[in-house]
Amino acid sequence: MGEAMKRVESLSVEGWSPEFGSPVETERDEVPAAQVDAGAELPPEQWRPLVPAPDAPKPAHVYFVDGVRRIEARVWMSHGGEASLGICASYGAGVVRCGRRAEIVAARVRRGFFGKAGVPDLVTRAGTFPACPVADDDIQQLVNGLQERMGQLEIEVAETALPSGSRSSRDDALMLVDGPLRGRQRIAGAIGYVKSHRVQYLSGEARATVARLGPGERTPVFLIQTTWTRYSWYLRLTGAEGHPWAGIVRCEAWHDTGLGEVKRLADATAAVIPRFASEPHKDDRAPQNLYPIAGLERELRRRLGDTGMVYRSLRRAAGNYRPPH
């Protein structure tokens with residue numbers, strides 16, 4: 001890294017909404033499956049829809065962990081006659097606990113100025129955007145840096161919301177993290193909740209079983225090994241109309257959890273998660289976007305602040321920026 005990159009001489013905010021920059025909002029696909037063991041719980045030829053036993057214990061509380069992010073502006077940093085791209089972004093994470101009632105038990109919002117080494121802190125009327133260095137100013141690399149910070153914040157809020165005390169108190173709770181578990185190793189006992197299906201992990205009779213699932217039924221547990229290893233299972237939330245996979249979600253659990261415990265968790269998800277499924281007249285992403293997650297996202301976005309106010313504050317701060325001596 002050259003010395004010129006370490007001193008930003010001026011900043012310039014682009015004059016159009018970052019919401020129209022499609023590469024910024026593109027979610028990362030999961031790594032294509034390298035190996036799948038469909039026989040972790042049942043041999044593939046014996047696959048069938050599974051229903052939790054009527055007397056199976058149900059968790060007293062269900063925790064939902066989610067995060068939101070917003071690109072506030074793209075910022076060009078001039079240094080030594082060169083220019084590099086950065087982004088100013090806001091992000092938040094929170095936890096909803098559902099028992100007899102639903103309540104937000106943790107919520108935090110942060111901001112960041114993402115750019116190559118030498119990116120400065122940017123103080124604005126909307127708050128300070130601390131420097132968040134990344135290796136390259138490629139837009140996807142900048143977004144990856146933002147995603148990483150948001151994931152770290154999700155871990156922080158989840159740790160504060162986890163039930164304290166005895167092991168039995170933790171066993172009486174179920175914690176769902178919106179999205180794959182990748183990058184969330186530190187959230188003890190968490191289950192990844194994946195709403196979209198970009199990768200086909202099953203084939204033959206195992207895949208056909210997914211289409212035959214009824215509401216509240218799950219597939220047997222199978223093992224996925226890519227760049228990381230986890231147990232997984234499919235679950236149908238409701239009798240949604242449309243294609244055979246309508247209303248299907250995929251859940252994940254860490255491979256070191258133990259197959260017996262994973263089967264218990266899989267039964268718990270099938271027993272309690274469908275009651276949180278959203279309805280089409282209330283949510284465009286129904287039924288997969290669960291009501292607690294949708295409510296948490298709305299509250300976190302509210303806490304991010306008014307988009308226009310933040311953008312105007314960034315333009316003013318960038319125009320007034322002077323490099324430190």
Side-chain angles (χ1 to χ4, degrees), residues 1-28 66-94 104 106-154 156-157 295-325:
M1 185 66 63
E3 184 65 27
M5 186 59 240
K6 296 181 180 179
R7 179 181 172 86
V8 175
E9 298 166 354
S10 65
L11 302 174
S12 175
V13 173
E14 283 190 342
W16 51 272
S17 172
E19 295 175 355
F20 296 107
S22 58
V24 176
E25 302 301 327
T26 300
E27 297 289 342
R28 292 175 294 176
D66 196 13
V68 299
R69 71 188 195 200
R70 189 175 72 200
I71 310 297
E72 306 289 7
R74 299 188 184 201
V75 182
W76 288 98
M77 296 174 283
S78 300
H79 40 83
E82 302 291 335
S84 63
L85 179 63
I87 57 173
C88 285
S90 302
Y91 57 100
I104 295 177
R108 297 178 186 175
V109 168
R110 291 179 182 168
R111 306 194 193 277
F113 187 0
F114 296 82
K116 293 174 68 174
V119 58
D121 294 341
L122 187 56
V123 181
T124 78
R125 296 180 63 179
T128 298
F129 287 74
C132 300
V134 297
D136 194 7
D137 66 347
D138 174 79
I139 189 62
Q140 191 59 56
Q141 189 75 12
L142 295 169
V143 174
N144 290 347
L146 169 58
Q147 187 70 27
E148 180 182 5
R149 295 293 180 115
M150 190 181 75
Q152 292 172 352
L153 188 57
E154 288 175 346
E156 290 181 22
V157 297
L296 176 59
E297 288 177 344
R298 285 194 299 270
E299 175 59 21
L300 289 173
R301 290 194 180 98
R302 185 189 69 81
R303 297 190 184 202
L304 295 184
D306 179 74
T307 304
M309 183 274 292
V310 175
Y311 179 74
R312 290 190 297 271
S313 298
L314 282 167
R315 292 204 67 174
R316 186 178 299 111
N320 295 331
Y321 175 79
R322 297 295 181 271
H325 294 294

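Predicted model, so just to flag it, every value in this text is computed and none were measured.
- Of all non-hydrogen atoms in Gly308 and Asp306, the two that sit nearest each other are N-OD2, 3.2 Å.
- Residues Gln140 and Asn144 bring a donor and an acceptor atom of their side chains to less than 3.5 Å of each other.
- For the pair Glu156 and Arg110, the salt-bridge criterion is met [side-chain N within less than 4.0 Å of a carboxylate O].
- Side-chain contact check for Gln141 versus Asp137: every heavy-atom pair is 4.5 Å or farther apart.
- Summarising the geometry, atom CH2 belonging to Trp76 is positioned 8.0 Å from atom OG belonging to Ser84; distances are rounded to the nearest 0.5 Å.
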Pair Tyr91-Val109, side chain to side chain contact (heavy atoms under 4.5 Å, CB included): steps then yes or no: CA-CA 6 Å; Tyr91 57 100; Val109 168; over 6 Å; no
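- Contact check for Leu304 versus Val68: side-chain heavy atoms found under the 4.5 Å cut-off.
- Asp136 and Val134 get closest at one heavy-atom pair: O-CG2, 3.2 Å.
- The shortest side-chain heavy-atom distance between Ile71 and Leu142 does not fall under the 4.5 Å cut-off.
- The shortest non-hydrogen separation linking Gly92 to Met150 is O-CG, 4.1 Å.
- For the pair Glu72 (side chain) and Cys88 (backbone), a donor-acceptor distance under 3.5 Å is absent.
- Distance check, rounded to the nearest 0.5 Å: CZ of Arg298 to CG of Leu296 gives 10.0 Å.
- Between Lys116 and Leu85 the shortest side-chain heavy-atom distance does not fall below 4.5 Å.
- Side-chain contact between Phe129 and Leu314 is present, with at least one heavy-atom pair separated by less than 4.5 Å.
- For the pair Pro323/His79, no side-chain contact is recorded, criterion being any heavy-atom separation below 4.5 Å from C-beta on.
- A donor-acceptor pair under 3.5 Å is formed between the side chain of Arg111 and the backbone N or O of Ala126.
- A salt bridge is absent between Arg301 and Glu299; no separation between the charged side-chain nitrogens and carboxylate oxygens falls under 4.0 Å.
- The two residues Met77 and Pro120 make their nearest non-hydrogen contact at SD-CD, 4.2 Å.
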CA sep, side-chain torsions, deciding dist, call: Thr124, Tyr311, side chain to side chain contact (heavy atoms under 4.5 Å, CB included): CA-CA 10 Å; Thr124 78; Tyr311 179 74; over 6 Å; no
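- Two residues are said to be in side-chain contact when any heavy atoms from C-beta on lie closer than 4.5 Å; Arg108 and Arg303 fail this criterion.
- Arg149 and Cys132 make their closest contact through NH1-SG, 3.5 Å (heavy atoms, listed as atom of the first residue, atom of the second, distance).
- Between Ala317 and Leu122 the shortest heavy-atom distance is CB-CD1, 4.0 Å.
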Trace of the side chain to side chain contact (heavy atoms under 4.5 Å, CB included) decision for Phe113 with Val75: CA-CA 9 Å; Phe113 187 0; Val75 182; 3.8 Å; yes
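- Under a 3.5 Å cut-off, the side chain of Asp121 and the backbone N or O of Pro130 do not form any donor-acceptor pair.
- At a threshold of 4.5 Å between non-hydrogen side-chain atoms, the residues Tyr321 and Val8 count as touching.
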